[in-house]
Peer 1: 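Attaching a single structure in structure tokens format; questions to follow.
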Amino acid sequence: MSYIIEMREITKEFPGVIANDNVTLQLKKGEIHALLGENGAGKSTLMSILFGLYKPEHGKIYKNDTEVHVTGPNDATKLGIGMVHQHFKLVHNFTVLENIVLGVETTKRSVLQMKEARKKVQELSKQYGLEIDIDKEVQDITVGMQQRVEILKMLYRENEILIFDEPTAVLTPQEIESLMQTMKGLADEGRSILFITHKLDEIMQVADRCSVLRKGKMVGTVDVADVSKEELSEMMVGRKVMLRLDKKEANVGTEILRVQSLTMKGEPGHKNKLTDVSFHVNAGEIVCVAGIEGNGQTDLVYALTGLAGIDGGQISLMGQDITKTKIRGRGELGMAHIPEDRHKHGLVLDYTLGYNEILQTYYTPRFQTGGFLKQGAIRDYAEGLIRQFDIRAGRGAETIARSMSGGNQQKIIIAREIDRDPHLLIAVQPTRGLDVGAIEYIHQQLLKQRDEGKAVLLISLELEEVMNVSDRILVMYEGEIVANADPKHVTYQELGLYMSGAKREGNV
């Protein structure tokens with residue numbers, strides 16, 4: 001059979017890790033082909049080889065049965081291959097239009113000719129339902145809109161093979177549905193899509209076939225219509241996975257966190273970021289803050305953790321006013337924080353795994369004496385967390401954080417924060433970008449914290465996670481809490497109405 005793309009016996013090695021081990025992948029014309037695997041299984045590496053970002057040690061790439069050499073992204077573009085990366089490759093102070101044409105600009109006497117480009121981009125955005133203000137700077141648009149820019153970049157270059165690397169990791173449920181429809185439309189036109197994901201629902205919804213990688217090796221390729229989610233998850237992690245969380249009733253104890261009338265002003269001329277936000281979290285319960293991204297959840301977390309100041313209101317932890325307490329002081333009082341942006345607030349990427357695990361505790365006698373770090377103690381501590389939290393690290397505690405997969409970077413943070421034995425754990429998108437095996441494990445860790453009498457405040461965009469994990473749900477819309485719901489009695493549809501501002505509880 002003829003394939004539009006065939007990657008044969010690809011092997012790629014990094015220090016201490018074989019990322020792809022003799023992998024063969026075949027893509028048919030006009031199909032949506034999902035690439036499924038745990039974090040660190042080698043999915044992104046394989047696609048980066050196809051896009052020319054990495055050179056394999058062994059193996060060949062064929063397009064329409066003819067061997068091709070992809071030595072860089074420019075070669076990939078000439079072959080009609082485009083890629084939307086998990087972390088978008090956009091210039092933030094350029095406009096949407098400038099980002100789309102970057103690298104394939106039309107010039108006349110060294111002057112940019114944007115009239116034709118503007119017309120073509122507007123036509124493409126309308127044709128594919130990717131409406132966007134093309135004159136806005138990228139830094140001023142949402143992550144969902146930034147992804148539209150990346151897709152339009154591929155369409156503008158008339159790419160026929162489209163690679164999506166974890167495309168829904170930063171999208172709301174509504175944006176995910178829109179993307180799925182866009183992908184189906186592109187496949188119906190005859191474009192071929194490779195779709196890296198760990199979300200089984202999305203594979204069942206849009207993919208024709210699915211190839212599964214595990215620890216760098218190809219486990220197999222299946223027709224999606226012939227398999228169940230349970231079978232795919234078992235192929236992915238090598239064991240049966242609980243897709244539904246088995247949890248007992250919460251044993252709610254004393255109040256741990258109280259937030260009263262929290263207010264944070266916006267920029268001059270803009271609405272408040274937070275307005276009169278009040279709620280509490282007790283020991284032994286998981287309270288989830290749900291909402292569409294950009295409705296004040298990030299500002300709320302910044303206020304609670306001390307990353308940003310507030311303009312009114314009070315925050316109390318364990319009965320103590322911490323409104324003006326510094327970040328370290330909040331940590332010492334028993335607050336732990338799994339941040340939304342693991343690169344910005346969770347890790348020092350050029351530090352080792354070991355150093356990252358002690359960022360909150362390096363100054364304690366356990367890890368330093370007389371101002372000198374105890375390297376052996378740090379290494380032993382980190383190796384213990386690596387085993388306990390199943391962190392995949394080629395060089396153990398000496399592994400540089402930047403070199404690790406996103407999921408394993410997340411596990412470093414989760415291990416560090418949970419191991420500090422906090423009274424309150426604030427977990428912001430803790431499973432974003434993770435596979436079902438890792439998600440199952442992290443949900444169990446959150447439940448373990450709850451069942452040990454800790455208070456957990458979970459911020460999530462994933463409605464399934466919200467309904468599955470939480471004991472109470474607070475919904476935020478435009479910086480206000482508009483609902484306080486019981487997951488046993490509220491429906492997905494009702495939550496959607498609260499999240500969109502179409503409905504509001506009278507007593508909130």
Side-chain angles (χ1 to χ4, degrees), residues 250-265 271-325 330 333-340 422-430 446 449-450 453-463 465-467 469-490 494-495 497-499 501 503-508:
N251 182 20
V252 180
T254 56
E255 184 177 279
I256 301 294
L257 175 73
R258 174 160 289 276
V259 178
Q260 293 173 284
S261 304
L262 205 62
T263 297
M264 188 185 290
K265 291 177 182 173
K271 296 175 79 168
N272 283 351
K273 294 176 179 178
L274 298 172
T275 302
D276 200 26
V277 171
S278 299
F279 65 92
H280 67 278
V281 186
N282 295 326
E285 70 171 345
I286 298 175
V287 175
C288 183
V289 178
I292 295 169
E293 192 159 28
N295 276 276
Q297 303 97 312
T298 299
D299 301 299
L300 174 63
V301 171
Y302 281 12
L304 295 178
T305 57
L307 284 167
I310 60 172
D311 296 295
Q314 186 181 43
I315 305 164
S316 300
L317 180 65
M318 305 294 292
Q320 187 170 331
D321 185 352
I322 62 164
T323 311
K324 295 183 179 175
T325 303
R330 297 182 195 211
L333 281 169
M335 179 186 289
H337 175 210
I338 299 167
E340 177 179 16
H423 296 299
L424 170 70
L425 176 63
I426 300 174
V428 191
Q429 305 279 27
L446 295 178
Q449 292 294 296
R450 179 196 83 157
K454 312 294 174 58
V456 180
L457 182 65
L458 171 67
I459 287 81
S460 178
L461 295 177
E462 303 278 354
L463 276 186
E465 179 171 71
V466 170
M467 295 290 266
V469 178
S470 58
D471 300 304
R472 269 193 302 130
I473 302 169
L474 304 174
V475 183
M476 287 194 78
Y477 175 71
E478 292 191 344
E480 298 181 64
I481 291 177
V482 296
N484 184 350
D486 184 339
K488 292 198 284 287
H489 300 123
V490 73
E494 199 175 354
L495 275 182
L497 291 174
Y498 288 130
M499 288 163 67
K503 188 175 181 180
R504 184 187 183 108
E505 270 188 1
N507 61 343
V508 173

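Small disclaimer: the values here were computed from a predicted structure and weren't measured.
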Peer 1: Using side-chain heavy atoms (C-beta onward) and a distance below 4.5 Å, is Leu333 in contact with Gln320?
Peer 2: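 The answer is yes, as the side chains (C-beta and beyond) meet within the 4.5 Å cut-off.
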
Peer 1: Quick one: closest heavy-atom pair of Lys265 and Asp311, and the distance?
Peer 2: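 Shortest heavy-atom separation between Lys265 and Asp311 comes out as N-OD2, 2.7 Å.
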
Peer 1: With rounding to the nearest 0.5 Å, note down the distance linking CD1 in Ile310 to NZ in Lys324.
Peer 2: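 Rounded to the nearest 0.5 Å, the CD1-NZ separation comes to 9.0 Å.
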
Peer 1: Say you draw a straight line from NZ of Lys454 to NE2 of His423; how long is it, rounded to the nearest 0.5 Å?
Peer 2: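 Between atom NZ of Lys454 and atom NE2 of His423 there are 8.0 Å.
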
Peer 1: Do Ile315 and Leu257 have side-chain heavy atoms sitting under 4.5 Å apart?
Peer 2: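 Counting from C-beta outward, Ile315 and Leu257 do come under 4.5 Å.
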
Peer 1: Please step through side-chain contact (heavy atoms from CB on, under 4.5 Å) for the pair His489 and Glu494, ending with a clear verdict.
Peer 2: CA-CA 10 Å; His489 300 123; Glu494 199 175 354; over 6 Å; no

Peer 1: Is the backbone N or O of Ile459 less than 3.5 Å from a side-chain atom of Gln297, with the two atoms forming a donor-acceptor pair by type?
Peer 2: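 No: the side chain of Gln297 does not pair with the backbone of Ile459.
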
Peer 1: Using 0.5 Å steps for rounding, measure from the CD atom of Glu285 to the CD atom of Glu255.
Peer 2: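 Rounded to the nearest 0.5 Å, the CD-CD separation comes to 9.5 Å.
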
Peer 1: Which atoms form the tightest heavy-atom contact between Leu461 and Gly291, and what is the distance?
Peer 2: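 Closest pair (atom of Leu461, atom of Gly291, distance): CD2-O, 2.9 Å.
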
Peer 1: Would you tell me whether Asp276 and Ser261 have side-chain atoms, one donor and one acceptor, within less than 3.5 Å of each other?
Peer 2: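 Yes, side-chain donor-acceptor contact under 3.5 Å.
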
Peer 1: Using the side-chain contact (heavy atoms from CB on, under 4.5 Å) rule, take Val281 and Ile256 through it: C-alpha gap first, then chi angles, then the decisive distance, then the call.
Peer 2: CA-CA 6 Å; Val281 186; Ile256 301 294; 5.7 Å; no

Peer 1: If you measure from CG on Leu463 to CD1 on Ile473, what distance do you get to the nearest 0.5 Å?
Peer 2: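 So the gap between those two atoms works out to 8.5 Å.
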
Peer 1: So how far is it from Leu425 CG to His337 NE2, rounded to the nearest 0.5 Å?
Peer 2: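 Nearest 0.5 Å value for the CG-NE2 distance: 9.5 Å.
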
Peer 1: To check you understand the geometry: which heavy-atom pair defines the closest contact between Gly313 and Thr323, and what is its length?
Peer 2: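 That would be O-CG2, 3.8 Å.
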
Peer 1: Do Pro422 and Gln449 come close enough that some side-chain heavy atom pair is under 4.5 Å?
Peer 2: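 They are in side-chain contact.
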
Peer 1: Any non-hydrogen side-chain atom of Glu340 less than 4.5 Å from a side-chain atom of Thr298?
Peer 2: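 Heavy-atom side-chain distance check passes, below 4.5 Å.
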
Peer 1: Please confirm whether the backbone N or O of Leu304 pairs with a side-chain atom of Arg330, one donor and one acceptor, at under 3.5 Å?
Peer 2: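 Present.
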
Peer 1: Check whether any side-chain heavy atom of Met318 sits under 4.5 Å from a side-chain heavy atom of Thr254, and report yes or no.
Peer 2: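 Contact flag for Met318/Thr254 side chains = no.
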
Peer 1: Quick one: are Gln429 and Ser460 in side-chain contact, heavy atoms under 4.5 Å?
Peer 2: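 A side-chain contact under 4.5 Å exists here.
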
Peer 1: For residues Met476 and Leu274, report the shortest heavy-atom separation together with the two atoms involved.
Peer 2: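 Result for this residue pair: CE-CD2, 3.7 Å.
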
Peer 1: With the side chain counted from C-beta on, respond yes when Pro430 and Leu458 share a heavy-atom pair under 4.5 Å apart, and no when they do not.
Peer 2: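 The answer is yes, as the side chains (C-beta and beyond) meet within the 4.5 Å cut-off.
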
Peer 1: Measure from the side-chain N and O atoms of Asn295 to the backbone N and O of Glu478, and report whether any donor-acceptor pair falls under 3.5 Å.
Peer 2: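 Yes; at least one donor-acceptor contact below 3.5 Å.
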
Peer 1: Would you say the side chain of Leu307 lies within less than 4.5 Å of the side chain of Val301, judging by non-hydrogen atoms?
Peer 2: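 Not touching, per the 4.5 Å side-chain cut-off.
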
Peer 1: Please find the pair of heavy atoms, one from Arg450 and one from Ala250, that lie closest to each other, and give the distance.
Peer 2: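 The answer is NH1-CB, 3.6 Å.
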
Peer 1: Testing Leu262, Leu300, Asn484 one by one against Phe279 for a side-chain contact (heavy atoms from CB on, under 4.5 Å), which residue passes?
Peer 2: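 That would be Leu300; it is the only one of Leu262, Leu300, Asn484 passing the side-chain contact (heavy atoms from CB on, under 4.5 Å) with Phe279.
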
Peer 1: What's the shortest heavy-atom distance between Tyr477 and Tyr498, and which atoms?
Peer 2: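 Smallest heavy-atom distance, with atoms named: CB-O, 4.0 Å.
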
